[in-house]
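Notes follow the structure.
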Amino acid sequence: MTSVSDPISEIEESAMRELGRVSDSSQLEAWRHGYLGRKGKLTRVLRGLADLPLEERRSLGAEANRIKLRLQAAYQEQRARLEQDRVAKVTEGERLDVTLPGPPLPRGSLHPITQTLRDVLEAFENMGFQVVEGPEIEWDYYNFEALRIPADHPARDMWDTLWIDHEGDGRRSMLLRTHTSPNQIRIMEHTQPPIRVVVPGKCYRFEATDPTHEWMMTQVEGLAIDDGISMADLKGTLTEFARRIFGEERSVAFRCDYFPFVEPGMELRIDCFICRGEGCRTCGRTGWIEILGAGMVHPEIIANAGYDPDRYTGFAFGLGIERIALLRHGVDDIRHFYANDLRFLQQF
Ligand code: PHE
């Protein structure tokens with residue numbers, strides 16, 4: 001007797017065979033539609049059951065249901081496998097090889113002012129000076145008063161000041177230090193001679209900028225105090241410094257100058273590197289560029305520090321790092337240093 005179960009087992013076989021060949025989700029959905037969908041082959045068989053006699057309906061029904069469950073399970077399995085393959089393919093293409101070297105990082109270099117500052121400090125360290133630092137926000141007292149520049153003294157005009165809090169009282173007014181000289185006082189307050197220090201730091205002035213002036217600049221203060229220090233020590237130290245930084249061939253000149261905290265006071269100039277002394281825009285037509293102020297520490301300041309002014313003398317100087325960098329590199333405008341143009345900075 002030909003059994004009605006023959007076509008149904010054929011349906012099972014062909015369904016499983018076709019499912020094995022399905023290779024993507026749209027084929028899989030077509031397969032499901034073809035067998036298990038509303039008009040699918042198996043669904044049709046199940047629908048036809050109602051017309052069969054009870055006996056056949058039972059056995060065929062049981063068989064058809066078994067097949068239905070099997071195909072549904074096979075469908076789920078195949079779907080999961082396809083999804084796994086898809087994910088594996090995507091991640092395969094994106095996999096990171098963590099052992100690969102990273103993209104090269106461009107190497108920066110030190111800012112020309114930092115380079116010059118380091119060279120200057122090294123020159124002084126080699127001459128026996130110690131490097132110390134002080135605050136950028138300073139009291140009027142240290143920046144002016146203790147340096148013999150009282151309020152209303154005309155010498156205050158030498159330093160156009162950026163005030164933070166101006167109370168008209170030296171011990172309560174704060175400012176951005178206009179020079180590193182307040183460190184002379186700070187150091188003397190808590191040190192006994194012999195003293196030989198250099199103090200690097202940023203200073204601020206409220207002034208119009210031009211090729212040799214900026215509102216922010218870097219200074220290095222020098223202070224030496226001991227038994228019997230003389231002007232000859234000062235000139236010798238600064239000449240040696242200039243020789244180390246600029247080379248032997250450069251001309252240096254000492255000239256009288258006035259600063260309330262030194263007596264006598266002087267300035268050190270170097271011949272202009274642009275015009276070689278002829279006079280140009282950079283040197284303000286003088287042929288010289290002033291790089292530092294200096295002098296013998298005023299005896300009153302020595303006495304105020306509690307040192308014996310008959311025994312101790314000393315010298316101080318304050319030099320501008322930007323000016324020195326201009327001279328060394330032949331740059332004609334100080335403002336280039338802080339304009340942050342990489343085309344300029346990358347040359348150093
Ligand atoms: N502080 C002075 C200035 O900024 C420079 C100076 C320092 C002069 C030490 C004499 C002694 O102009």
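When a ligand or atom number is given, it counts from 1 through the structure's own listing order. Counting begins at 1 with the first residue of the sequence.
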Check whether His111 reaches the backbone of Tyr338 with its side chain - one donor and one acceptor, N or O, closer than 3.5 Å. no

Taking side chain to side chain donor-acceptor pair (under 3.5 Å) as the cut-off, I'd like each qualifying pair that reaches into residues 296-309, sequence neighbours left out, listed once. Arg148-His298, Arg148-Glu300

Pairing donors with acceptors under 3.5 angstrom, does anything connect the side chains of Glu214 and Thr209? no

Check: Ser14/Glu10 side-chain N/O donor and acceptor closer than 3.5 Å: no

Smallest heavy-atom separation, Arg244 atom then Ala123 atom, equals NH1-O, 3.6 Å

Do Phe315 and Ile229 have side chains that get closer than 4.5 Å, going by heavy atoms? yes

By chain and number, the residues contacting ligand 1 below 4.0 angstrom (heavy atoms only) are Trp159, His179, Ser181, Gln184, Arg205, Gln219, Glu221, Phe259, Phe261, Val262, Gly293, Ala294, Ala316, Phe317, Gly318

